[in-house]
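Quick note on labels: first sequence line is chain A, next is B, and so on, each numbered from 1.
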2 protein chains.
Amino acid sequence: MEIREAFAQNLRALRRARGLSQEELAHQAGIDRTYISALERNVYNPSIDVVDRLAEVLGVDVAELLKRPAADPQRSKSELDE
Amino acid sequence: MEIREAFAQNLRALRRARGLSQEELAHQAGIDRTYISALERNVYNPSIDVVDRLAEVLGVDVAELLKRPAADPQRSKSELDE
DNA sequence: ATGTGACTCCAAGTCCGTC
DNA sequence: TGACGGACTTGGAGTCACA
């Protein structure tokens with residue numbers, strides 16, 4: 001799995017866990033609203049600066065945003081992106 | 001401290017710890033030698049994809065490359081970038 | 001073995017809007 | 001509230017020559 005995809009999923013999950021809209025998150029992080037939307041849809045490959053600013057607003061370490069989901073042993077290997 | 005700076009320092013430290021030259025690291029990561037040089041001098045704000053490729057070659061988690069050094073309580077606050 | 005300036009190319013990132 | 005498009009500017013990605 002590409003790190004962009006893991007980031008996209010983590011971003012959306014963490015934002016929702018905080019009860020924030022894309023617009024609120026964008027505003028607090030000083031990032032454009034449409035760019036947040038694109039990031040969550042895995043359209044772009046963000047710079048570490050952007051990731052860092054988002055992590056700060058979400059109150060997590062950068063590592064949390066970039067963490068790949070643990071492989072589920074129930075699922076066959078062919079279902080995973082590599 | 002900006003995350004770019006932490007990344008630059010970590011990259012150089014980890015590369016040297018592996019006994020690799022910029023040229024060897026560049027080759028293994030499929031990146032130009034001069035670009036590695038620039039990253040270690042904090043010239044660029046790299047994308048997470050580049051960081052991920054370097055982490056893979058260095059055999060560490062992405063989080064290791066982006067970790068900020070622990071604040072040294074011996075040093076005064078004015079010596080730190082914030 | 002590394003730093004640096006100059007250069008191109010196109011993705012990152014912004015800002016406007018509509019659905 | 002979020003997906004998505006178009007047009008735009010900035011700056012990362014990547015290469016080369018030279019010190």
With a non-hydrogen cut-off below 4.0 angstrom, is A:I31 in contact with a base, only sugar-phosphate, or nothing?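 Sugar-phosphate only.
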Give one of base, sugar-phosphate or nothing for A:R53, where a contact means two heavy atoms less than 4.0 Å apart.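 The residue A:R53 makes no contact with any strand.
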Give a yes/no on whether any side-chain N or O of [X] is located under 4.0 angstrom from OP1 or OP2 of [N].
X	N	answer
A:R15	D:dT1	no
B:S37	C:dG3	yes
A:R4	C:dA11	no

Rounded to whole angstroms, how far apart are [atom1] on [X] and [atom2] on [N]?
X	N	atom1	atom2	result
A:D32	C:dG17	CG	P	13 Å
A:D49	D:dG11	CG	C1'	12 Å
B:R41	C:dA1	CZ	P	17 Å
B:E24	C:dA1	CD	C1'	10 Å
B:R16	C:dA1	CZ	P	13 Å
B:N42	C:dT4	CG	P	12 Å
A:Y35	D:dT9	OH	C1'	14 Å
B:N45	C:dA11	CG	C1'	13 Å

Do other residues, nucleotides or ligands put more than 12 heavy atoms under 6.0 Å from B:Q28 CD?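 Enclosed.
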Has A:E23 got more than 12 heavy atoms of other residues, nucleotides or ligands less than 6.0 Å from its CD?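 No, the 6.0 Å shell around CD holds no more than 12 heavy atoms from other groups.
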Shortest side-chain distance from A:S21, nucleotide among D:dG2, C:dA12, C:dT2: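 Taking heavy atoms from C-beta onward, the closest nucleotide is D:dG2.
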Looking only at side-chain atoms of B:Q22, point me to the closest of D:dG12, C:dG13, C:dT2.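 Nearest to the side chain of B:Q22 among the choices is C:dT2.
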Any side-chain donor-acceptor pair under 3.5 Å between A:S37 and A:R41?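 Judged by distance alone, the side chains do pair up.
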Do A:S47 and A:D49 have side-chain atoms, one donor and one acceptor, less than 3.5 Å apart?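 A:D49 and A:S47 do not have a side-chain donor-acceptor pair below 3.5 Å.
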Could you let me know what C:dC7 is paired to, Watson-Crick or G-U wobble, both distances under 3.5 Å, or none if it's on its own?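 Result: D:dG14.
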Would you kindly compare B:Y44 and B:E23 by the position of their nearest DNA chain C nucleotide and give the one closer to the 5′ end?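 With B:Y44 and B:E23 compared, the 5'-side residue is B:E23.
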Suppose we call a contact any N or O donor and acceptor under 3.5 Å apart; does that hold for the side chain of A:R33 and the base of C:dG17?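 Answer yes: a donor N or O sits under 3.5 Å from an acceptor.
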Look at the side chain of A:T34 against the base of C:dC16 and say whether a donor-acceptor pair falls under 3.5 Å; ignore hydrogens and angles.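 Counting by modelled atom types and ignoring angles, no donor-acceptor contact under 3.5 Å is found here.
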Quick one, A:E40 with A:R15, criterion salt bridge (Lys or Arg N to Asp or Glu O under 4.0 Å). Give me CA distance, side-chain angles, the key distance, then yes/no. CA-CA 10 Å; A:E40 292 190 355; A:R15 176 180 63 78; 2.6 Å; yes
